[in-house]
Each structure stands twice: as structure tokens, then as C-alpha cells.
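All residue numbers in this chain count up from 1 along the given sequence.
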Amino acid sequence: MPNKTPVPDTLHTIAVAVQTPAHSGMGDLLSYLAPAPLPAGTLVRVPLGQREVLGVVWDTPETAQVNEGTAPLNLRPISSVLEGLPPLDAAWRDLVAFAARYYQRSLGELALSALPPQLRDLSPVQLARRLRRTPAVESNTQNATKNIATTPEQSKAIAQISSENGPFVLFGSTGSGKTEVYLRCVQQVLEQAPHTQALVMVPEINLTPQLEDRFTARFAPQYGAQAVVSLHSGMTNPQRLKNWLAAHTGQARIVLGTRMAIFASMPGLRLIVVDEEHDPSYKQQEGARYSARDLAVWRGRAQNAKVILGSATPSLESWHASRPATAQDPEGGRYVRLHMPSRIGQGLLPRVRRVDMTHQPRRTVFSAPLLAAITERVARGEQSMVLLNRRGYAPVLQCADCGWKSDCPHCSAHQVFHKTDRTLRCHHCGTTHRVPRSCPTCGSPDIVPLGRGTEQLEEQLGQLMAGVLRPDGTPARIARIDADTTRLKGALQSQLAQVHAGEVDVLVGTQMIAKGHDFRRITLVAAVQPDGALFSSDFRAAERLFALLMQAAGRAGRDAAYMAAQGSGCEMWVQTQHPKHVVFEALRQHDYPAFAEQQLAERAAAAMPPFAYQALVRADARSQEVAQGFLRAASTAAHTAGLPGLEHVTLYPPIPLTIQRVANVERAQMLIESPHRAALQRFLAAWQAVLQTTRADPAHKGLLRWLVDVDPLAI
Ligand code: ADP
Ligand code: ZN
Ligand code: ZN
């Protein structure tokens, strides 16, 4: 087609979303010529500069008319149409357009990044072959697995979800059977019509296999194994394309995935579940910094799908939105709160034991009572879990003579000491060195690790537990799971399988092991050093710590029958210098509502989210002066131009990031805040152009990049 001379009076101008470089100033949509009007959502291949790229035909603005006979000379024709693929529907296009607008990115960038990467490289012929290969729907010959009876709390939640509109906040204790509620609601959706679909999201890739097992076991007998597909970044490109196509064509009825799955094309979507909705992983941290949870609520409303946000510790945003409406507070009740306080099988939540570390000898890692408790569990054949949110052996090495520290040469951060391979590694830029034999500054051989990480914990526990025997007389087995032990593909799954098989007595690890896993024989969980988060400059640190500890506690005593047989009761241990801190007080009572009340009162008094809306603009440059200078100039320009929304928006002065320099790049940020979301959005939309003009000013030559983060999670 590109080589043929087109017949002018059959040409149509179409708008196409293509991936243009961010802030290229090329506008959101490019115009091309097509021999026939193409429906919006059609995938096409188009020339862009010297290349040929994938594009999505977009709705042409009402003002643009199909051109009558005389094609504008500068427009190029499209190269080909990916035929055989149904167009992406209006619901999908609306979602992508909204996300681009809301998160301040170009439409093309967002649209193309929401599609499976392999789609970009396929010719129409190759795609046709792929589509042919997707198997036909299996017949429903197998019997459905027998459903377990739901508890009264589950039944009530399920009934409310089916009779009301939501969005729902399913506030259910750890082990209260939230997953069973999701399964039942999905089942109801699938039974509505032959084309209906459900999307279920979890915060981490490593939770998807467990979820897939449960959903496949439940639905494959009736709907076929291909009815359940996963979408996450851990799969190969061909797998991802295959699953995406299955969702898009409606063959897959259930999509399980991580945050990226929120952009799956699902024409029959009727239900979106966001499990562990409070988890920060739902916020994308690069490119378009979207919140998959917030987009789920938006998409649910737009596409008429119900939305369930499940958590034992909902985000304060969702909790606040689900407060009951009252005469004094008619704004309440935007979300519907459903409560499932009880654990399945009358299981008890762990008893919380706080150890006051101010009464322990300095540098104590494991207090005597905690060690005794773990020893007892091992002797009874039960499992324990020890949490520390820092990997490596020690966060820094120091020279005892001159005070030298293992600083990263490229970042304002220490290099972490990893003992297993005798390296110093920067966790920010990856720079790795061998551990020096003597101090690089003064030559002293006396260099010592400061502080501790999971490697050290594992080592010390090994020493402390030497001689502790299991019921069968064999020695206690200690294992560690963190990002370092799970680098290889499949490593995490096999390590978790060992824990499930009872081949581990004490499991040491980072937050990776605290989330979501349905461990059956863990009866004790310990957080050995959680205090760091209490005094963070980030106002969400306490909320995040509380959620993590509640999640961790939720790994203990999940099997009521096992607990009854053991007769020992489960425990959550916290070693802290601040046992009276509100986080630990609330944890002791398993009282999320009280904690939320207290935090919300603080947030309201300080006018912070959810009582205010925020955005961050970040600038990266070779020097702090340039980074901050750019932000200051953009701020001044906004005021000079009198941008819309400004009357309700506060622009704070630029400051360096907590870790100011990473990989020799200086980073600064500026907080923008407003009590009104709409005003903030109006302002940001108008400010884009100002930021681009400011950036073009030679005064800001050393600026490398800038980005906007709307509703940032880390301040
Ligand atoms: P949550 O997601 O709320 O932490 P799960 O959904 O994982 O809890 O449920 C905890 C355990 O209880 C699981 O092993 C699950 O199979 C089981 N379970 C859930 N609902 C029921 C029920 N109604 N009857 C018996 N067991 C149940
Ligand atoms: Zn020294
Ligand atoms: Zn570094």
C-alpha cells in the first residue's frame, strides 16, 4: 500500500495514537490517510519518521471532517491494518484517555504501553496466525468442584455485593476468607451471560501462582482451563500476548494480574477485585505513574462493573471514602464498607507481645523471651517467621579507627555489605565492589559492619539455635527468603514450597514473606526491628508499617484445626524501643478502625490526604542548583501566567529528595497541593505547557528530565 499512489477521493483522514517520546510536543494524536474510514480502536501500522510503528485509531474530534477529495499533502498513508482483531472498545479507549489526562502523560504513550509489547512487532500475517492458534472453548464435560459452605459473614458480604452498586471496601481480617468472597462474586458474574468477564488483581507477581491455582481449581472444570489467564510483567512476551488476546477476544473469562492488568482489554468486564488494596505496589513508579486501585474504581464506574477493594487494613483513602453517610456528613458513603471480622473456623488472631528493647542489653538482636518462644515452637514442630525489612548482612561498613564508611561513589547512600559473596552493593544504582581487606582511607584492618540485615539475622539465629532440636530429634532448620535468595526464576516458588512442606522451622525474610501467603503451620511471627518507620519524614510511614505488621501477623495461626490440635495459640512479637506507640497499641488490639480514626484525625488537622490532593514534580539534573532552579522557574512562570486553578493550589518550594543523588544524578522535587482534586487537575493540565517552555530555556541546560507524579505515595 505505501508504494501505490492512492486515489484522492477515497482517502480518509484518521487520527492515530502512536508512541511519541514523552514531552516531544508532537501532540496526542497524529493524522494519517486511510483508504477507508476505520473504526476507532482498530490497530494499524503507520510510518513514523524512518520507522513503522504500531498505532491505535482514535476517535476523531467532532470538528475534524473526513476530507473531501483533496488530501493534505503532508499526511502519509497508514501502512497496514491488523485485521482479524476486533477494535479496542470505547470503554478501553476512555480508560486510557482518562489515565493519560489524569496522570499527565501523552495519550499515545499510555495507549501503547497498555498493549502487550509483542503486538508492536507483529505483522498482520503473523497476528492472523496467532489468532488462529488460540484454542476453541472446551466443552463443559467436567464437573464443577464442590463449593464449600460460606460463613454467615461471607454470605452477607456476597449478598450485599450482588444487590448494591458499590464500590465496596471489603474490610476483612487476615484469614477471614476474602478470597472465597471473590470466588463467589466472580462465579455470579460468569453465570450472568456467556461473555461476562472478571478482573482480579493482587499487588505482587509472586502472589499470582497461588491465586491462579485457586481460580483454576474452581472454574476450569466448568469453563475450561483457558477461561483463566494471568497478566503480569514476569511472563514472557509470547505468553503475555496470548493471554492478552484471550482477554480481548472474550475467550478468557477471568484475568488475574498485577497493576498492569488494569489496562487489559476486557469487553465483557463486570467485576474488578483489588486484593490488598492498600498495597503501595498498585502505584506504578515510572513512566505514567498511575494507581491501579484508583483506576479500578474509575473503570468500574465507566464500564458498569462492580469493584471490590479488599484488605484487612484498607488505605486511609478507601477507609475515609467508605465512612457511613450521616446527617452531619452527607459526603460519606461514597464506597460501601463490608466487614468480616472473624477468622475462618473460629481461628484467633495472634496475641501480640511487645518487647521493650530499652530494657534489653545494647545491640541485642533477639531478646531472650523472643528467642525462648521461637525455641519452644521449634521443639513442638511448629514454624516461626522472623521479619526484617532490610536485606544484606549490614547496611554499612565502617572503619573503627578513622570513621570511613562504605559510601556509594555515585549516590548519597551507603553500599550494603553482603557477606555471602563478600561484596559491597549499592541498592540504588547497583555499583558493586569487593569488600576491602583494610580501610581504603587509613589502612586499618578494623572495619566492622554497622546495623543488620536479613543475612546477619539468619546467621545469628543459626548460632543461637544450635542445639535446638525438633520433635524428631533433628536440628532446627533455618531458611531465608528475600530479593537476594530469589533472584533465579522459580526460586521463590520452590522456597515457599519448602516452607509449605514443613521443611523449614524458622523463616527469616523481608516483607516479601509477609504478604498474602496462606501458610498453614506458622504459629509465631516476629518483627525484630520495626522502629525505623516510626520517625520517617513520610507522613504515610506509620500507615504502611501498621499494614505490614497486620499482614505479617496474619500469616500466623491460619489453620484453626491445626491450632486447636497444637493447643498453643499463635503470637505476633514486636521488639521496639517505643512499645507505647500508637501503631503498636493498635496492633495489640488488632484494632484497625481505632488506628485509622487516630491517623485520619491527624491528617485532617494537618490538611493532608485524604483531606487534600497532592502532586509532585521531580527534576533530575547534574547539579542540585539546576534541578531546583528549573522547579523554581516553572513555579514562578505558573504564577506569572496566572494559570487556572492556581487560586486553590499551593506550590511549595523545591527540596532535594531524601536520597538526593542516585547514579550521579541530582534529584529535587516540589510538592503541589490543593483541597480540591478538580482544581489541582485544572492547574496541572495548564502547567504542562509552561513546564515544557521552561525546560526549553537555556538557563536550565543541565536538566536531564522532569516528571509529574499525581497522587504520589512517597513524599
Ligand atoms: P483472606 O484472603 O481473608 O486472608 P482466605 O480467603 O485465604 O483469607 O481464607 C483463609 C483460609 O480459609 C483458606 O485456606 C480458605 O480456603 C479457607 N476458607 C475460606 N472460606 C471458607 C469457608 N467458608 N469454609 C471453610 N474454609 C474456608
Ligand atoms: Zn580508616
Ligand atoms: Zn549507588
Side-chain angles (χ1 to χ4, degrees), residues 38-44 54 56-57 81-96 111 114-116 118-119 122 124 126-142 144 182-183 185-201 208 211-212 215-216 218-232 235 238-258 260-273 292 295-296 299-308:
L38 291 171
T42 305
L43 286 166
V44 291
L54 180 69
V56 184
V57 176
V81 177
L82 296 187
E83 276 163 40
L85 198 66
L88 292 153
D89 62 12
W92 186 87
R93 299 196 306 277
D94 287 348
L95 172 71
V96 164
L115 296 172
Q118 211 184 16
L119 211 48
L122 287 188
Q126 288 168 316
L127 177 67
R129 214 178 295 140
R130 274 315 138 86
L131 283 166
R132 266 202 306 280
R133 224 185 289 153
T134 34
V137 178
E138 261 171 38
S139 60
N140 313 337
T141 46
Q142 288 159 284
Y182 307 153
L183 286 160
C185 294
V186 168
Q187 190 173 343
Q188 288 185 352
V189 159
L190 298 198
E191 283 165 2
Q192 278 168 18
H195 67 276
T196 50
Q197 295 177 303
L199 169 63
V200 181
M201 291 194 289
T208 53
L211 193 72
E212 207 174 316
F215 274 78
T216 309
R218 182 68 58 91
F219 295 108
Q222 198 181 346
Y223 295 96
Q226 75 286 352
V228 184
V229 300
S230 292
L231 277 180
H232 56 75
M235 51 212 317
Q239 269 176 334
R240 204 160 132 185
L241 176 64
K242 181 166 168 271
N243 291 354
W244 185 88
L245 287 173
H248 176 59
T249 57
Q251 204 160 74
R253 306 289 302 280
I254 304 167
V255 173
L256 311 175
T258 50
M260 63 183 273
I262 191 57
F263 290 114
S265 163
M266 298 180 70
L269 186 66
R270 292 290 173 278
L271 173 69
I272 309 177
V273 173
L295 286 179
R299 186 175 187 177
R301 195 184 316 117
Q303 211 171 337
N304 203 14
K306 293 201 177 175
V307 177
I308 307 174

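Separating the OG atom in Ser230 from the CG atom in Leu211 is a distance of 7.5 Å, to the nearest 0.5 Å. Between the CE atom of Met266 and the CG atom of Asp89 there is a distance of 11.0 Å, given to the nearest 0.5 Å. Here the CZ atom belonging to Arg299 is positioned 13.0 Å from the CG atom belonging to Asn304, to the nearest 0.5 angstrom.
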Decide side chain to side chain contact (heavy atoms under 4.5 Å, CB included) for Lys306 and Ile272; before the verdict, give the C-alpha distance in whole Å, the side-chain angles of both, and the deciding distance to 0.1 Å. CA-CA 6 Å; Lys306 293 201 177 175; Ile272 309 177; over 6 Å; no

Please walk me through it: do Leu256 and Thr208 pass side chain to side chain contact (heavy atoms under 4.5 Å, CB included)? CA-CA 7 Å; Leu256 311 175; Thr208 53; 5.6 Å; no

Worked check of side chain to side chain contact (heavy atoms under 4.5 Å, CB included) between Gln188 and Arg270: CA-CA 10 Å; Gln188 288 185 352; Arg270 292 290 173 278; over 6 Å; no

Derivation of the side chain to side chain contact (heavy atoms under 4.5 Å, CB included) call for Cys185 and Val273: CA-CA 9 Å; Cys185 294; Val273 173; 6.0 Å; no

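Residues Gln187 and Phe219 meet the side-chain proximity criterion, which asks for heavy atoms closer than 4.5 Å. Under the 4.5 Å side-chain criterion, counting only non-hydrogen atoms from C-beta, Val229 is not in contact with Ile254. Proximity of Leu82 to Leu54: side-chain heavy atoms (C-beta onward) are separated by under 4.5 Å at one or more points. By the 4.5 Å heavy-atom criterion applied to side chains, His248 and Pro86 are counted as neighbours. Side-chain contact between Leu295 and Ile262 is present, with heavy atoms from C-beta onward closer than 4.5 Å. Using a 4.5 Å heavy-atom cutoff, the side chains of Leu43 and Leu115 are in contact. By the 4.5 Å heavy-atom criterion applied to side chains, Leu119 and Leu127 are counted as neighbours.
Side chain of Thr216 to main chain of Glu212: a donor-acceptor pair is present (N/O by atom type, distance under 3.5 Å, no hydrogens or angles). With hydrogens and angles ignored, the 3.5 Å screen pairs no side-chain donor or acceptor of Gln118 with any backbone N or O of Gln239. For the pair Trp244 (side chain) and Ala264 (backbone), a donor-acceptor distance under 3.5 Å is absent.
Arg93 pairs by the salt bridge (Lys or Arg N to Asp or Glu O under 4.0 Å) definition with Asp59, not counting sequence neighbours. By the ring-ring contact (aromatic ring centres under 6.0 Å, His included) test, His232 pairs with no residue at all, sequence neighbours left out.
Ala114 and Phe263 make their closest contact through CB-CB, 3.6 Å (heavy atoms, listed as atom of the first residue, atom of the second, distance). Of all heavy-atom pairs spanning Pro87 and Ala40, the tightest one is CB-O, 3.6 Å. For the pair Tyr182 and Phe215, the tightest heavy-atom approach, listed with the atom from each and the gap, is CB-CZ, 4.4 Å. Residues Ala296 and Val307 approach most closely at O-CG2, 3.5 Å, considering heavy atoms. Between Gly41 and Val56, the shortest heavy-atom contact is CA-CG1, 4.0 Å.
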Output side-chain donor-acceptor pairs under 3.5 Å for residues 189-201, partner residues at least two apart or in another chain, one line each.
unit_1: Thr196; atom_1: OG1; unit_2: Val189; atom_2: O; d: 2.6
unit_1: Thr196; atom_1: OG1; unit_2: Ala193; atom_2: O; d: 3.0
unit_1: Thr196; atom_1: OG1; unit_2: Arg253; atom_2: NH2; d: 2.9
unit_1: Gln197; atom_1: OE1; unit_2: Gly268; atom_2: N; d: 2.9
unit_1: Gln197; atom_1: NE2; unit_2: Ala247; atom_2: O; d: 3.0
unit_1: Gln197; atom_1: NE2; unit_2: Ala252; atom_2: O; d: 2.8

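Counted within 6.0 Å of CD on Glu83, heavy atoms from surrounding residues, nucleotides or ligands total 12 or fewer; the atom is thus considered open.
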